[in-house]
Amino acid sequence: MTYSVDIKPNEVAVYALGGLGEIGKNTYGIEYQNEIIVVDAGIKFPEDELLGIDYVIPDYTYLVDNIDRVKALVITHGHEDHIGAIAYFLQAVNVPVYAGPLAMALIKNKLEEKQMLNRVELHEITDGSVLEFDQLSVEFFRTTHSIPDVFGVAVHTPVGTIVETGDFKFDLTPTTKQPPNLWSMARIGENGVLLMMSDSTNAERPEWTKSEAWVAKSVNHIFDKIQHGRIIFATFASNMNRVRMATDAAIAHGRKIAVFGRSMESAVTNGRALGYLNIPDDMLVEQSEIKHIPDDELLILSTGSQGEPMAALARIAEGTHKQIRLKPKDNVIFSSSPIPGNTASVNAVINKLQEGGANVIYGKVNNIHTSGHGGQEEEKLMIALLKPKFFMPVHGEYRMLKVHASLAHELEVPEDHTFILENGDVLALDGENARVAGHFPGDDTYIDGSGIGDIGSVVLHDRQKLSQDGLVVVTATIDLKKKEILSGPDILSRGFVYMRESGDLINEGRRVIFSTMRRVMNSSNNSESDIRQAVIDDLSRFLFKKTARKPMIMPMLILV
């Protein structure tokens, strides 16, 4: 494929395949001559209008077309918006992968599910690891987030250093005992940073994000107050910090721990193996054993904090879970905040739980959640430490990128040295100057079941139309040579009107179609496609006039 990209031999190019103008899908490329380093391979969860879509991933065509130059995929941390698409990425671009211990464990699980583990080259890194290539080198420095083993990435090129911060906040009392490596950040900044690409998720919040240790105190306080009933603790399985808080509090209060949800089971297994969770064997109980444990002595660790309909918590709330029935004295703790778009689903689960008699603990008032992303004060600190010549905000919707750029201006990064770009835009830098050097397609690729990219805008439009106004199927048998209608036309409604109560409308619609078919068959343009289109046009007008709705019309003509 030909791209409108013009990168000179003395320039390093930087671009996003995903992560600009959106939350999620983080995938960034850093390119110099014959070498490309890719940072992260994330997914984005679909918006409500993407009916039936499971995940959204970037279009990897540019990397596939340049696969001989792609040297590595480096991972900042193990959240889904940074590793969720890794199997799809490696199916398209099978290159060596470098990641920290927890991210690597999660990646191995994903590749094993896809039966790809033996076909991929994997390398574990840690704080201070350096990868050497012919012209580029990659250095990792530790940051803090809501998951252990989180790194920023510094790519050293012949024309200057490019830093991609990954997701970060400055948590000086992290529960993981892995504080941010301020010394490395300051050293990299002192040696000179040509371009900084920085997490913009919380750019609109004029604050310093609270420490996970603050949440840990709140969780312990809540456990202290709960004297009776089971505790059901719901959080992201990938939020290892929060999982540790819950399990530590349970052990301190003499509660056995049962784990529900496949991703949570995997998280606990990996967390124990890597030493991030201190759960003795005798404190873990099998799911089938919980009926033998007194309610006051049990913690149920569950997925479903985002209201996902198939997750364990939603099934408990609906009464459809095979092993857990909600009890009036149950205490349910939501230790997360809803992702944009999930608020209604979360509220629905909370309502169901409360209707079932459970005591539900959620929201800011209970101090049981803090963001994993730094607010404005931390974003300014990162800029001050790295002292970039040029600045490119990433991982955020447009308004977030805009605010983040203004923070860089406050720290004396000139306005003409900041770049708010779109996925597929290419920024080229020669050490002194920076320019937008073209664009390659940065469209979304939709994952629907096992299908990858086979759902496009036309299919989504049809799904939206079907969900809004339903479907009307028209059947008839016709003889084009004799210009006769042998049977029908008949109308079948699905999601449009209830046929038993709409007999007059259906019969009148049949008369409209009959008249239309006779008219077209006796005209000069009387092919099957002409008849189909006329039926769609005339029936659509009739139904809209009668109902103010526009169902999808599907003629099924049998030719004799």
Side-chain angles (χ1 to χ4, degrees), residues 16 18-28 39-40 42-45 75-84 100 102-103 141-153 163-176 178-182 185 196-215 235-236 238-242 305-306 335-342 364 367-386 391-408:
L20 297 183
E22 60 191 354
I23 298 294
K25 207 155 60 72
N26 292 281
T27 311
Y28 306 100
V39 181
D40 289 336
I43 60 168
K44 181 171 69 173
F45 293 102
I75 300 298
T76 60
H77 67 284
H79 277 154
E80 288 295 290
D81 55 341
H82 294 260
I83 66 165
L102 180 56
F141 58 90
R142 187 173 60 234
T143 61
T144 45
H145 188 39
S146 57
I147 188 173
D149 300 331
V150 187
F151 303 99
V153 175
V163 172
E164 205 282 296
T165 65
D167 293 355
F168 74 92
K169 67 178 183 180
F170 284 98
D171 190 344
L172 303 180
T173 56
T175 56
T176 58
Q178 297 178 343
N181 192 335
L182 300 175
M185 298 177 206
M196 173 180 170
M197 305 161 67
S198 187
D199 171 25
S200 305
T201 308
N202 277 353
E204 296 172 300
R205 298 185 182 181
E207 63 185 16
W208 188 291
T209 302
K210 290 189 179 295
S211 168
E212 288 288 328
W214 172 78
V215 181
T235 190
F236 286 111
S238 60
N239 192 336
M240 193 66 69
N241 296 349
R242 215 59 56 80
S305 64
Q306 293 300 304
S335 189
S336 65
S337 61
I339 292 173
N342 288 357
K364 293 183 178 179
N367 299 333
I368 49 175
H369 179 67
T370 184
S371 177
H373 302 267
Q376 290 183 358
E377 299 307 310
E378 288 144 291
E379 290 172 346
K380 288 192 286 188
L381 176 57
M382 185 66 84
I383 295 170
L385 285 168
L386 292 173
F391 181 76
M392 176 180 165
V394 299
H395 195 190
E397 297 175 8
Y398 182 85
R399 67 184 191 280
M400 302 169 188
L401 305 181
K402 188 79 173 173
V403 172
H404 203 175
S406 70
L407 297 179

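All of these numbers come straight from a predicted model, not from anything done at the bench.
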> Please say which of Thr370, Thr144, Asp171, Thr175 ends up in a side-chain hydrogen bond (donor to acceptor under 3.5 Å, both in side chains) with Ser211.
Asp171
> I'd like to check Ile23 versus Glu397 (side-chain heavy atoms, cut-off strictly below 4.5 Å). Are they in contact?
yes
> Decide side chain to side chain contact (heavy atoms under 4.5 Å, CB included) for Met392 and Leu20; before the verdict, give the C-alpha distance in whole Å, the side-chain angles of both, and the deciding distance to 0.1 Å.
CA-CA 10 Å; Met392 176 180 165; Leu20 297 183; 3.9 Å; yes
> What's the spacing between Glu207 CD and Ser371 OG if we round to 0.5 Å?
8.0 Å
> If you round to the nearest 0.5 Å, how far is CZ of Phe151 from CG of Asn181?
10.0 Å
> Ignoring hydrogens, what is the shortest heavy-atom contact between Tyr28 and Gly18? Give both atom names and the distance.
CE2-O, 3.5 Å
> In this structure, which one of Lys25, His373, Met400, His404 forms a side-chain contact (heavy atoms from CB on, under 4.5 Å) with His395?
His373
> To the nearest 0.5 Å, tell me how far Phe168 CZ sits from Met382 CE.
4.0 Å
> Decide yes or no on side chain to side chain contact (heavy atoms under 4.5 Å, CB included) for Val403 and Gln376, but give the supporting numbers first.
CA-CA 9 Å; Val403 172; Gln376 290 183 358; 3.8 Å; yes
> Scan Asn26, Asp40, Thr165 and name whichever one has a side-chain contact (heavy atoms from CB on, under 4.5 Å) with Thr76.
Asp40
> Should we count NZ of Lys380 as having more than 12 external heavy atoms under 6.0 Å?
yes
> Give a yes or no answer on whether the side chain of Thr235 reaches the backbone of Ser335 with a donor-acceptor pair at less than 3.5 Å.
yes
> Determine the minimum heavy-atom distance between Ala103 and Ile75, stating which atoms define it.
CB-CG2, 4.1 Å
> Pick out which of Val150, Leu385, Leu172 makes a side-chain contact (heavy atoms from CB on, under 4.5 Å) with Pro180.
Leu172
> Atom CD in Glu379, atom OG1 in Thr209: separation rounded to 0.5 Å?
8.5 Å
> Any side-chain heavy-atom pair from Met185 and Phe170 closer than 4.5 angstrom?
yes
> Do Glu212 and Pro174 come within less than 4.5 Å of each other through their side chains, counting heavy atoms only?
no
> Please report the closest heavy-atom contact between Ala408 and Phe391, naming both atoms and the distance.
CB-CD2, 3.6 Å
> Evaluate the side-chain proximity of Gln178 to Pro148: yes if any heavy-atom separation is below 4.5 Å, no if none is.
yes
> Quick one, Ile383 and Met196 - any side-chain contact, counting heavy atoms below 4.5 Å?
yes
> Measure from the side-chain N and O atoms of Asn239 to the backbone N and O of Arg242, and report whether any donor-acceptor pair falls under 3.5 Å.
yes
> Look only at the side chain of Ser200 and the backbone of Ser198, and say whether a donor-acceptor pair between them is shorter than 3.5 Å.
yes
> Nearest 0.5 Å please: distance from the CG atom of Leu407 over to the NZ atom of Lys402.
12.5 Å
> Contact between Asp81 and Asp167 at the side-chain level, heavy atoms closer than 4.5 Å - yes or no?
yes
> Would you say the side chain of Trp208 lies within less than 4.5 Å of the side chain of Leu381, judging by non-hydrogen atoms?
yes
> Using the side chain to side chain contact (heavy atoms under 4.5 Å, CB included) rule, take Met240 and Thr176 through it: C-alpha gap first, then chi angles, then the decisive distance, then the call.
CA-CA 9 Å; Met240 193 66 69; Thr176 58; over 6 Å; no
> Look up atom CD1 in Ile147 and atom NE2 in His82, then write down how far apart they are to the nearest 0.5 Å.
10.0 Å
